[in-house]
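Here is the structure we will look at.
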Amino acid sequence: MSEKTEKTRCGIVAIAGRPNAGKSTLLNALVGSKLAIVTPKAQTTRSPLRGIQVSGGSQIIYVDTPGIFQAPQKFEQAMVESAWGQAADADAVLQVVDASRKKFDDDLAIAERLQGLKCRKILVLNKVDKVNKPALLDLTLHLNQSGVFSEVFMVSAEKGDGVEELGNWLGEEMPEGPWLYPEDQMSDAPLRMLAAEITRERLFLRLREELPYALTVQTESWEEQKNGSVKINQ
């Protein structure tokens, strides 16, 4: 076994929380690239998406999960259960909370269910740039009353505030082990899938109220150009 392998760390971190808490924005900020699509619509993320960050000698594999809420439809229920399944298999879970909201009953319910998981749980208060400091302290005490979280981080995923500190801390906490992906790889998702997701994001943002959630995007052709760009027909 090489010296590099003996000193490396690698772990899986699930990013969980209610819809529109900023989970996908946080994933993009941590990885440093646009991987997950972001729209104001709940359940924009339909299936787990993995983003990969290298922090020192650690490789952190983030899993962006669908939003967790009381889903009325079977399709939505399946996405919520998928999120819980990804959280249960992770080395650590980041519960992302939109700190600018007024009510946090849903967030407390998620925290209570996280107690049953064996992995480490970290509370990430997002959008802290929109909340004053005394309110943030009260919110931290309120959400951490169960003692489920080992750490609390305050970030603005959109602006990047506090994101580097979170990534560095996670890198130090990952279990020892070999990396699972090449050093320069940022996701395990095929490029065609990422391209289709970007198109779906644009449709979500443009069509607004009349947009059916059953919308899917299919890549019909994928042609690499001589200049290195890609021509896509969808």
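Under the 4.5 Å side-chain criterion, counting only non-hydrogen atoms from C-beta, Ile60 is not in contact with Ile12. Counting only heavy atoms from C-beta outward, the side chains of Pro175 and Asp91 approach each other to under 4.5 Å. Residues Val96 and Ile15 have side chains in contact (heavy-atom distance under 4.5 Å, counting atoms from C-beta outward). Side-chain contact between Val155 and Leu125 is absent, with no heavy-atom pair separated by less than 4.5 Å. Annotation: side chain of Val13 is in contact with side chain of Leu94 (closest heavy-atom distance under 4.5 Å). Side-chain contact between Cys10 and Ile61: present, with at least one pair of heavy atoms (C-beta onward) separated by less than 4.5 Å.
A side-chain hydrogen bond (donor to acceptor under 3.5 Å, both in side chains) with Tyr62 is found for one member of Arg50, Lys23, Gln53 and no other, namely Gln53.
Asp161 is linked by a side-chain contact (heavy atoms from CB on, under 4.5 Å) to Ser156, Lys159, counting only residues two or more places apart in sequence or in another chain. Every ring-ring contact (aromatic ring centres under 6.0 Å, His included) that Phe153 has, sequence neighbours left out, goes to Trp169. Under the side-chain contact (heavy atoms from CB on, under 4.5 Å) criterion, Ala88 pairs with Leu117, not counting sequence neighbours.
Applying the 6.0 Å contact sphere to CD of Glu158 captures no more than 12 heavy atoms from other residues, nucleotides or ligands. In this structure, Glu164 places its CD atom where only 12 or fewer heavy-atom neighbours from other residues, nucleotides or ligands lie under 6.0 Å away.
Side-chain contact check for Tyr181 and Gln59: no donor-acceptor pair (N or O, by modelled atom type) lies under 3.5 Å. Side-chain atoms of Arg120 and Ser150 include a donor-acceptor pair closer than 3.5 Å.
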Checking side-chain contact (heavy atoms from CB on, under 4.5 Å) for the pair Met154/Thr140: CA distance, chi angles, key distance, verdict?
CA-CA 9 Å; Met154 299 184 183; Thr140 301; 3.4 Å; yes

Check the pair Val152, Ile122 against side-chain contact (heavy atoms from CB on, under 4.5 Å), reporting the backbone distance first and the verdict last.
CA-CA 6 Å; Val152 179; Ile122 298 95; over 6 Å; no

Using the rule given for side-chain contact (heavy atoms from CB on, under 4.5 Å), can you reason through Val97 versus Leu143, listing the C-alpha separation, both sets of side-chain angles and the distance that settles it, and then say yes or no?
CA-CA 9 Å; Val97 174; Leu143 292 175; 3.8 Å; yes

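Smallest separation of non-hydrogen atoms from Phe149 and Leu123: CD2-N, 3.4 Å. Considering every non-hydrogen atom in both Ala29 and Ala157, the closest pair reads CB-O, 3.7 Å.
Interatomic distance, Ile52 CD1 to Met186 CE, rounded to the nearest 0.5 Å: 9.5 Å. Put simply, SG on Cys119 and CG on Leu114 are 7.0 Å apart, with the number rounded to the nearest 0.5 Å. Taking NZ from Lys34 and OG from Ser24, the interatomic distance works out to 8.5 Å, rounded to the nearest 0.5 Å. For the atom pair Arg9 CZ and Glu173 CD, the distance stands at 8.0 Å (nearest 0.5 Å). Between Leu139 atom CG and Phe104 atom CZ the span is 4.5 Å, to the nearest 0.5 Å. Atom NZ of Lys121 is separated from atom CD1 of Ile110 by 14.5 Å, given to the nearest 0.5 angstrom.
The pair Lys127-Asp98 meets the salt-bridge criterion, with a side-chain N (NZ, NE, NH1 or NH2) lying under 4.0 Å from an Asp/Glu carboxylate O. One finds a salt bridge joining Asp107 and Arg101 here, because a Lys/Arg side-chain nitrogen approaches an Asp/Glu carboxylate oxygen to under 4.0 Å.
A donor-acceptor pair under 3.5 Å is absent between the side-chain atoms of Ser55 and the main chain of Gly171, judged by distance alone.
In the hydrophobic clustering of ILVMFWY residues, with side-chain heavy atoms under 4.5 Å counting as a link, Leu137 and Leu108 come out apart.
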